[in-house]
There are 2 protein chains.
Amino acid sequence: MIGIYLLEQLAAFQEYGTLSESAEHLHLSQPSLSRSMQKLEKQLGVKLFERHKNKLILNDTGILAASYASRILADEAEMETQIALHVRNKTALSIGSCAPGPLMNILPSLAGRCSEMTVSSDLTTEEELLKGLYANQYQMIILNHPVSSEEYTSTEYVTEHLYLSVNRMHPAASYHSITFKEMDGQNFIMYAKVGVWDALVQKKMPHAKFFRQENLEALSEITDNSDLPSFATDIALHYQSDRHSNRITIPFSDSDASITFYIICKVSADSRLKQIIRQIISAV
Amino acid sequence: MIGIYLLEQLAAFQEYGTLSESAEHLHLSQPSLSRSMQKLEKQLGVKLFERHKNKLILNDTGILAASYASRILADEAEMETQIALHVRNKTALSIGSCAPGPLMNILPSLAGRCSEMTVSSDLTTEEELLKGLYANQYQMIILNHPVSSEEYTSTEYVTEHLYLSVNRMHPAASYHSITFKEMDGQNFIMYAKVGVWDALVQKKMPHAKFFRQENLEALSEITDNSDLPSFATDIALHYQSDRHSNRITIPFSDSDASITFYIICKVSADSRLKQIIRQIISAV
DNA sequence: ATCACTTACGGGTGACGTAAAAATC
DNA sequence: GATTTTTACGTCACCCGTAAGTGAT
């Protein structure tokens, strides 16, 4: 059986081209590498290099061997990361979401389990979410649509509604509802990390301008001292402890102003995770 | 980096269930295995086993690790076999075929190269041929149809025609051509290793009986001393040195009595192989 | 008593570094 | 002269086997 260290060294040689350079990166002496490559040839019973007096070059067999070596090393690295994730996932729950609202809903409903596990959540793009779910970096993700795949299960979770937030001086303050069209062209202050909502308001109000603020407290101060309209959602309002009485919230009446979120997880998820999902859903 | 020997031992433990049993198959002492598994856990920083006083069982993490280990070992084995095949394929040419005729055509046309390489040919089923081509056990195969795949190239090679072979006493001896229907129900002597021809004559003459002989010389003797009809093809007749004057060959006029063969090889084949194929085709 | 795992101890292989030589740029 | 590869030699790590111990069947 071929030692894995030989494969590492072969792959390094393919990458760096010379023994010296490879030895540098591997933190090894270059005579050691020279010996290793000879040993590898001997063990495989095959010439892997063209040997010139002062130069060592992979021949076609060597290139083939190096490509296999790289694959094996990648497999080995994946094994380590997946094992580490597997044990981490016993005591930790990583949730990825395309919007903050569903996370605000989920975290309190896990209250009873907080002592047993650490929950971490993440807000990012759908592409990253799916990638992370595939690689077990997330155990579940929240998307604004189900996925049709044999590999994943999609469960409808919650529908979030968008509201306009204005102070009492704003012309729309007396409205019972509002539309995107009516507000298009105005300037908005908004939270920067709203996920899919961002693209939605941009698309629905193409003539509007949006001033985004990453920091929630700063945002709060700004909106308090500004006449610019802002946004809210039913979920956010529900969990927002300090409601500002000088702000009025008005629902958008457009049907696009509601987003239904779905919990996606692997069908191969273990029973513990599926139990948690049931708990989350039943807590709505 | 995890030593490959640890992965072997882990995979063995998964297969055999106990350290003692595994040690047996690995030709190792069982204390050595015990130490190895502890070391593996330490290196991964993870518990892989449930440890009872007298029993060692893989936990879920261990099962995951073992499955990765098996994959890595399989990759490693594939690397060795593919490298061995790669060097062998520099000086050897392995051809697989679904019928003997095309091989009879090919081998002489490689005459000029016989000194540089050893040619080996094989007659088997389409399934085995495709499997062997995929695994680089054959560099090219001969099928009775092209394959539609991005991975393979199919080149029309030669069409072989089936003949009836009878002695002068046979009722059909004076015919200029014959059909399957006319011969259906009779008893035939035939060579056992005719590949796809076998299924063809069975299908076209469902009421006929076939006596197959594996040995060519024995077949020759039998046909010489028998009144039973037999088969021939244009290619076989062309390369058959000792034509028996007491036998008459009559072409089957059915369109199914001709088979067109195709040379299949990987698109990733090297230029040397493609050159050989050009040579083979131009020699028809 | 046998079987299965672990711990302890000693040995031999082998992977590494240093040193030195040969050859090329 | 600087760089690259190869060979030689000594060292240390590590993987293995033997022997002994513990607990379960």
Side-chain angles (χ1 to χ4, degrees), chain A residues 1-63 65-66 69 72-73 76 80, chain B residues 1-63 65-66 69 72-73 76 80:
Chain A
M1 193 62 59
I2 309 279
I4 195 109
Y5 71 99
L6 292 177
L7 302 183
E8 277 187 270
Q9 295 173 10
L10 177 63
F13 180 80
Q14 185 184 36
E15 184 173 1
Y16 299 114
T18 72
L19 290 181
S20 322
E21 181 81 3
S22 307
E24 189 88 9
H25 287 88
L26 291 171
H27 303 293
L28 261 79
S29 70
Q30 138 246 48
S32 182
L33 265 186
S34 180
R35 260 180 290 123
S36 291
M37 294 303 95
Q38 292 169 32
K39 178 169 185 174
L40 187 56
E41 284 181 309
K42 189 176 177 184
Q43 288 198 359
L44 288 171
V46 157
K47 291 288 166 213
L48 299 175
F49 303 92
E50 287 175 24
R51 285 201 156 68
H52 304 76
K53 281 298 174 189
N54 200 19
K55 194 166 277 184
L56 201 63
I57 307 175
L58 283 171
N59 62 24
D60 56 343
T61 311
I63 292 172
I72 292 170
L73 293 171
E76 207 272 347
E80 290 190 39
Chain B
M1 193 62 58
I2 309 277
I4 195 110
Y5 72 98
L6 291 177
L7 302 184
E8 278 186 87
Q9 296 173 10
L10 177 64
F13 180 81
Q14 184 183 37
E15 182 172 1
Y16 299 114
T18 72
L19 290 182
S20 322
E21 181 83 0
S22 308
E24 189 89 8
H25 288 87
L26 291 171
H27 304 291
L28 281 168
S29 71
Q30 143 243 48
S32 182
L33 266 186
S34 180
R35 261 180 289 122
S36 291
M37 296 301 96
Q38 292 170 31
K39 179 169 185 174
L40 187 56
E41 284 181 310
K42 189 176 176 184
Q43 288 197 358
L44 288 171
V46 157
K47 292 288 166 212
L48 299 175
F49 303 93
E50 286 176 25
R51 286 201 155 69
H52 303 77
K53 282 299 175 189
N54 200 20
K55 194 165 276 185
L56 200 63
I57 307 175
L58 284 171
N59 63 22
D60 56 345
T61 310
I63 292 172
I72 291 170
L73 293 170
E76 208 271 347
E80 289 191 39

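Numbered from 1 within each chain, the chains take letters A, B, ... in sequence-line order. Treat the numbers as computed from the prediction; the structure is a model and nothing was measured.
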List the residues meeting side chain to side chain donor-acceptor pair (under 3.5 Å) with Q38(B), not counting sequence neighbours, and say none if there are none.
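With neighbours one apart ignored, the set is S34(B).
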
Is there a side-chain polar atom (N or O) of S20(A) under 4.0 Å from OP1 or OP2 of dT4(D)?
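Checking S20(A) against dT4(D): at least one side-chain N or O falls below 4.0 Å of OP1 or OP2.
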
Calculate the interatomic distance between [X] atom [atom1] and [N] atom [atom2]; express it in whole Å.
{"X": "Q43(A)", "N": "dT13(C)", "atom1": "CD", "atom2": "C1'", "result": "13 Å"}
{"X": "I4(A)", "N": "dC14(D)", "atom1": "CD1", "atom2": "P", "result": "17 Å"}
{"X": "E24(B)", "N": "dG17(D)", "atom1": "CD", "atom2": "P", "result": "12 Å"}
{"X": "M1(A)", "N": "dC15(D)", "atom1": "CE", "atom2": "C1'", "result": "16 Å"}
{"X": "L56(B)", "N": "dC3(C)", "atom1": "CG", "atom2": "P", "result": "19 Å"}

Give the table of side-chain donor-acceptor pairs shorter than 3.5 Å for residues 44-55 of chain B, with sequence neighbours excluded, one pair per line with atom names and distance.
{"residue": "R51(B)", "atom": "NH1", "partner": "E41(B)", "partner atom": "OE1", "Å": "2.8"}
{"residue": "R51(B)", "atom": "NH1", "partner": "E41(B)", "partner atom": "OE2", "Å": "3.3"}
{"residue": "R51(B)", "atom": "NH2", "partner": "E41(B)", "partner atom": "OE1", "Å": "3.1"}

Pairs of donor and acceptor atoms involving the side chains of residues 5-24 of chain B, under 3.5 Å and at least two apart or interchain, shall be tabulated with distances.
{"residue": "Q9(B)", "atom": "OE1", "partner": "S36(B)", "partner atom": "OG", "Å": "2.6"}
{"residue": "T18(B)", "atom": "OG1", "partner": "E21(B)", "partner atom": "N", "Å": "3.0"}
{"residue": "S22(B)", "atom": "OG", "partner": "A12(B)", "partner atom": "O", "Å": "3.4"}
{"residue": "S22(B)", "atom": "OG", "partner": "T18(B)", "partner atom": "O", "Å": "2.7"}

Could you list all N or O pairs between the protein and nucleotides 22-24 of chain C that sit under 3.5 Å apart?
{"residue": "dT24(C)", "atom": "O4'", "partner": "N54(A)", "partner atom": "ND2", "Å": "3.4"}
{"residue": "dT24(C)", "atom": "O2", "partner": "N54(A)", "partner atom": "ND2", "Å": "3.4"}

Contact residues, residues 5-17 of chain A to DNA chain C [heavy atom, < 4.0 Å]
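Listed by number, they are Y5(A), Q9(A).
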
So which of residues 27-42 of chain B are in contact with DNA chain C, with a heavy-atom cut-off of under 4.0 Å?
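Contacting residues: Q30(B), P31(B), S34(B), Q38(B).
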
How many angstroms lie between CD1 in I63(A) and CD1 in I57(A), if you round to the nearest 0.5 Å?
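Answer rounded to 0.5 Å: 10.0 Å.
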
Roughly how far, to the nearest 0.5 Å, is the CD1 atom of I72(A) from the CD atom of E76(B)?
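Answer for the CD-CD1 pair, E76(B) versus I72(A), is 5.5 Å.
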
So do the side chains of I4(B) and I2(A) get within less than 4.5 Å of each other, counting heavy atoms only?
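No; the side chains remain at least 4.5 Å from each other.
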
Restricting to non-hydrogen atoms, name the atom on S32(A) and the atom on L28(A) that form the minimum distance, rounded to 0.1 Å.
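Closest pair (atom of S32(A), atom of L28(A), distance): OG-CD2, 3.8 Å.
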
